[in-house]
Amino acid sequence: IVRAADSKKVYQIELIPKEKIVALLCGRNHQVHLYPWGILDGVESSFDTKLAETKNCQVLTTGVLRPGGPACLLAAAKRQVQCYEITRAKPYHKKLWEVQAPGTVQWLGMLRDRLCVGYSSGFALLALQGESSPISLVNPADPSLAFLSQQPMDALHALEVGSSEILLCFSQLGIYVDGQGRRSRTQELMWPAVPLACCMSPVLVIVAVGVEQGILERFGFTLALGHHLKSSAKRGGGSIMLWDSSHSCLSVCFGSTSEQLYLRSDHRPSVIRF
């Protein structure tokens, strides 16, 4: 365990291994800071680059916009999504463009070579640099999805399932849709309570929920079949969740102990307790 951001409160952590840089969403102003890779080994450094235009950022993600392209960081503040190229040479970042999402952004990720944004009761694929209209992943022409517009739900995550389906995870349930945003299965993934956070791999989704006062429980589901796996519970008081945008790693502070849940290369969950 290492201290990050000079004791600022950290909301999200993203790794940019190609450029040996760590991006943190932290501090009172919810801004993005860039730190050298060495902080992961506890190396003290005066390197702290703040991205001034990311004030009040809600969520960020990293990736590449095209095969072989530069490492990029995307940060969302309200409906505005900004894209930065990240390099290990000064000034370490360069703003490329910005685009507006259909709603206040609650999740960001890369899906089908496009930027995917999650917002209240919806997800959409945005063309990079906004050269075409967004593609909604909740098709308004599908009557079976009409309840989403009538009962607002937070967007948690979207993930491809095979080559023809996408799993949309909201605060109350998970829904399978096709590439046009139409429901592809009648089956839904039902959470026992509103998730505090989740982590995912290409075959597994795990959600952490507070099922009772002072009890945290983890539930696992297989993506392909939607089967509920074994759950586990932990007692304590209060919780803090941190995760990366790929949602392959989830850090949980609950009561007097901390644990990190990550999905290994064989997609099985492992827990490290501190």
Side-chain angles (χ1 to χ4, degrees), residues 11-12 25 30 56-61 74-82 98-112 114-127 130 133-161 165-200 205-213 216-219 221 223 226 228 239-243 245-247 250:
Y11 303 97
Q12 189 176 343
L25 175 57
H30 283 239
N56 297 319
C57 176
Q58 295 120 228
V59 65
L60 65 149
T61 191
L74 297 110
K78 296 184 178 179
R79 295 179 59 186
Q80 210 69 21
V81 181
Q82 303 172 2
E98 61 182 57
V99 66
Q100 193 169 61
T104 299
V105 180
Q106 297 172 330
W107 178 81
L108 278 177
M110 300 300 294
L111 195 69
R112 299 190 170 185
R114 303 187 74 168
L115 173 63
C116 183
V117 297
Y119 47 93
S120 181
S121 294
F123 287 87
L125 296 177
L126 304 186
S133 300
I135 299 174
S136 175
L137 294 177
V138 178
N139 196 316
D142 187 338
S144 72
L145 300 178
F147 72 95
L148 287 170
S149 62
Q150 301 161 3
Q151 185 178 357
M153 301 181 193
D154 289 344
L156 297 181
H157 193 76
L159 186 72
E160 287 187 84
V161 182
E165 287 185 302
I166 301 169
L167 174 63
L168 307 180
C169 290
F170 295 97
S171 54
Q172 295 185 25
L173 78 171
I175 301 171
Y176 292 89
V177 298
D178 60 21
Q180 287 72 49
R182 300 184 182 90
R183 187 190 288 269
S184 58
R185 308 186 194 186
T186 57
Q187 176 193 24
E188 298 173 345
L189 302 186
M190 303 299 296
W191 326 132
V194 176
L196 299 172
C198 67
C199 62
M200 295 189 181
V205 54
I206 294 179
V207 296
V209 302
V211 291
E212 293 179 23
Q213 184 68 29
L216 178 76
E217 189 159 5
R218 296 186 298 267
F219 290 82
F221 298 84
L223 292 185
H228 174 234
S239 61
I240 299 174
M241 305 291 175
L242 292 173
W243 59 90
S245 62
S246 67
H247 285 219
L250 169 68

Which heavy atom of Trp107 sits nearest a heavy atom of Ala158, and at what distance?
-> CH2-O, 3.6 Å
Evaluate side-chain contact (heavy atoms from CB on, under 4.5 Å) for Lys78 paired with Asn56, printing each intermediate quantity in order.
-> CA-CA 8 Å; Lys78 296 184 178 179; Asn56 297 319; over 6 Å; no
Heavy-atom check, side chain of Val177 versus side chain of Val138, under 4.5 Å | no
Which atoms form the tightest heavy-atom contact between Gly122 and Ala155, and what is the distance?
-> O-CB, 4.0 Å
Enter the distance from Thr186:OG1 to Ile175:CD1 here, rounded to the nearest 0.5 Å.
-> 12.0 Å
Option among Val99, Leu108, Ile135 that satisfies the side-chain contact (heavy atoms from CB on, under 4.5 Å) test with Leu126 = Val99
Check whether any side-chain N or O of Gln58 sits under 3.5 Å from a backbone N or O of Val105 as a donor-acceptor pair, and report yes or no.
-> yes
Are the side chains of Tyr11 and Cys57 in touch, meaning some heavy atoms are under 4.5 Å apart?
-> no
Which residues share a side chain to side chain contact (heavy atoms under 4.5 Å, CB included) with Pro152, sequence neighbours left out | Ser120, Ser121
Do the side chain of Glu165 and the main chain of Tyr176 share a donor and acceptor less than 3.5 angstrom apart?
-> no
Glu160 and Leu111 have their tightest heavy-atom pair at CG-CD1, 3.3 Å
Step-by-step side-chain contact (heavy atoms from CB on, under 4.5 Å) determination, Phe170 to Phe123 = CA-CA 10 Å; Phe170 295 97; Phe123 287 87; 3.7 Å; yes
Return the minimal non-hydrogen interatomic distance between Ser149 and Ala146, and the atom names on each side.
-> OG-O, 2.8 Å
Do side-chain atoms of Gln80 reach the backbone of Glu98 as a donor and acceptor pair under 3.5 angstrom?
-> no
Atom CG of Asp154 and atom OG of Ser171: how far apart are they, to the nearest 0.5 Å?
-> 4.5 Å
What's the spacing between Leu145 CG and Asn139 CG if we round to 0.5 Å?
-> 7.5 Å
d(Gln180 CD, Asp142 CG) to nearest 0.5 Å is 11.5 Å
Hey, which of Glu188, Arg183, Gln187 is the one that makes side-chain contact (heavy atoms from CB on, under 4.5 Å) with Arg185?
-> Gln187
Worked check of side-chain contact (heavy atoms from CB on, under 4.5 Å) between Leu173 and Met153 = CA-CA 9 Å; Leu173 78 171; Met153 301 181 193; 3.4 Å; yes
Criterion side-chain contact (heavy atoms from CB on, under 4.5 Å) on Ile166 and Cys116, from CA distance to verdict = CA-CA 11 Å; Ile166 301 169; Cys116 183; over 6 Å; no
So how far is it from Gln12 CD to Thr61 OG1, rounded to the nearest 0.5 Å?
-> 7.5 Å
